[in-house]
Amino acid sequence: MPADLEALYREQVASIGDFAAILPEWRERPEWRREGSVGLLLHADAVPIFSDGCGNFYGLDLASGDQRPAVYFFDSEDMFERPHWAAGSSLARFLLLLAEHDQALDEGRPPGWELSIDPDIDKCPRAPAIWHAG
């Protein structure tokens with residue numbers, strides 16, 4: 001398990017704004033079961049960490065190997081088949097972007113505003129940044 005994901009789980013963050021956290025069941029160590037929301041992205045080599053409240057998930061990449069894992073948006077419309085767009089180049093940067101999300105919408109920030117917080121978001125290997133996702 002990536003160290004920053006374990007740290008997030010240990011903090012027991014319930015939500016950030018309107019985005020609800022997805023937490024594993026804690027036993028001897030966290031379990032990612034196939035049933036329940038934690039297992040919904042395992043087929044796509046990711047684990048859901050936040051829900052957008054509309055049935056979609058933000059998932060941490062588990063296929064990144066030794067590299068710092070990125071966070072991607074997974075859409076319920078295609079049954080979470082693949083990541084649709086990069087939501088953060090790391091878990092820490094994703095959390096900063098998530099915290100700014102509502103304010104960015106209220107202010108009408110232009111596409112690509114995320115680069116000011118996460119300059120590597122457009123370099124994520126599995127999906128483009130949101131302004132390139134179409």
Side-chain angles (χ1 to χ4, degrees):
M1 175 184 323
D4 48 356
L5 179 60
E6 184 175 347
L8 176 69
Y9 287 160
R10 292 204 185 283
E11 290 297 320
Q12 298 181 0
V13 173
S15 65
I16 295 179
D18 292 333
F19 300 92
I22 309 297
L23 300 171
E25 287 186 27
W26 285 98
R27 289 198 170 65
E28 187 78 14
R29 58 186 210 152
E31 290 189 11
W32 294 340
R33 300 176 310 165
R34 291 247 174 233
E35 63 273 2
S37 57
V38 174
L40 285 175
L41 302 181
L42 290 178
H43 70 280
D45 292 323
V47 62
I49 54 174
F50 282 89
S51 167
D52 71 351
C54 298
N56 307 307
F57 294 108
Y58 293 96
L60 187 74
D61 183 23
L62 296 177
S64 58
D66 293 339
Q67 297 178 354
R68 182 175 46 189
V71 176
Y72 295 98
F73 178 81
F74 290 84
D75 197 325
S76 62
E77 292 287 318
D78 69 356
M79 300 301 294
F80 318 111
E81 181 181 323
R82 62 178 175 78
H84 283 261
W85 46 269
S89 65
S90 69
L91 181 55
R93 288 186 176 165
F94 164 74
L95 293 173
L96 291 172
L97 290 169
L98 195 62
E100 288 280 320
H101 180 266
D102 289 340
Q103 185 175 352
L105 288 176
D106 290 344
E107 294 174 355
R109 294 182 194 170
W113 68 267
E114 296 89 348
L115 286 167
S116 65
I117 293 172
D118 187 352
D120 297 324
I121 194 169
D122 60 346
K123 297 175 184 78
C124 295
R126 293 186 63 193
I130 187 169
W131 61 91
H132 293 302

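The figures here come from the full heavy-atom set of this structure, side chains too, leaving out hydrogens, waters and symmetry mates. In this text, all values refer to a predicted model and were calculated from it rather than measured experimentally.
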(message) Let me confirm one number: the CG-CG distance from Leu98 to Leu91, rounded to the nearest 0.5 Å.
(response) 10.0 Å
(request) Please list all pairs passing the salt bridge (Lys or Arg N to Asp or Glu O under 4.0 Å) test where one or both residues lie in residues 103-114, with sequence neighbours left out. (result) Glu100-Arg109, Glu107-Arg109
(request) Start with the C-alpha gap between Trp131 and Ile121, add the side-chain angles, then the distance that decides, and say whether side-chain contact (heavy atoms from CB on, under 4.5 Å) holds. (result) CA-CA 11 Å; Trp131 61 91; Ile121 194 169; 3.5 Å; yes
(request) Start with the C-alpha gap between Asp61 and Val47, add the side-chain angles, then the distance that decides, and say whether side-chain contact (heavy atoms from CB on, under 4.5 Å) holds. (result) CA-CA 7 Å; Asp61 183 23; Val47 62; over 6 Å; no
(message) Between Ser90 and Arg93 (side chain of the first, backbone of the second, donor and acceptor by atom type, cut-off under 3.5 Å), is there such a pair?
(response) yes
(message) Quick check for you: to the nearest 0.5 Å, what is the distance between Gln103 atom CD and Trp113 atom CH2?
(response) 9.0 Å
(message) How about CG on Asp18, more than 12 heavy atoms from neighbouring residues, nucleotides or ligands closer than 6.0 Å, or not?
(response) no
(message) Return the CG to CD1 distance between Asp122 and Ile130, rounded to the nearest 0.5 Å.
(response) 13.5 Å
(message) Quick check: closest heavy atoms across Tyr9 and Pro48, and the distance to 0.1 Å?
(response) OH-O, 4.4 Å
(request) With sequence neighbours excluded, tell me which residues meet side chain to side chain contact (heavy atoms under 4.5 Å, CB included) with Ser76. (result) Asn56, Phe80
(message) Would you say Phe57 ends up clustered with Met79 if hydrophobic residues are merged whenever their side chains have heavy atoms under 4.5 Å apart, either directly or through other cluster members?
(response) no
(request) Please report the closest heavy-atom contact between Phe19 and Asp52, naming both atoms and the distance. (result) CD2-CA, 3.7 Å
(message) side-chain contact (heavy atoms from CB on, under 4.5 Å) for Ile22 and Phe50? Distances and angles first, verdict last.
(response) CA-CA 5 Å; Ile22 309 297; Phe50 282 89; 5.6 Å; no
(message) So, taking the atom named CD in Glu11 and the one named CG in Leu95, what distance separates them when rounded to the nearest 0.5 Å?
(response) 10.5 Å
(request) Give a yes or no answer on whether the side chain of Asp118 reaches the backbone of Gly88 with a donor-acceptor pair at less than 3.5 Å. (result) no
(request) Mind running side-chain contact (heavy atoms from CB on, under 4.5 Å) on Leu62 and Leu42 for me, showing each step along the way? (result) CA-CA 8 Å; Leu62 296 177; Leu42 290 178; 4.1 Å; yes
(message) Which label fits Phe94 and Tyr58: parallel for a plane angle under 30°, tilted from 30 to 60°, or perpendicular past 60°?
(response) tilted
Show which side-chain atoms of residues 68-75 pair as donor or acceptor with protein atoms under 3.5 Å away, not counting sequence neighbours.
residue	atom	partner	partner atom	Å
Tyr72	OH	Arg126	N	3.0
Asp75	OD1	Glu77	N	2.8

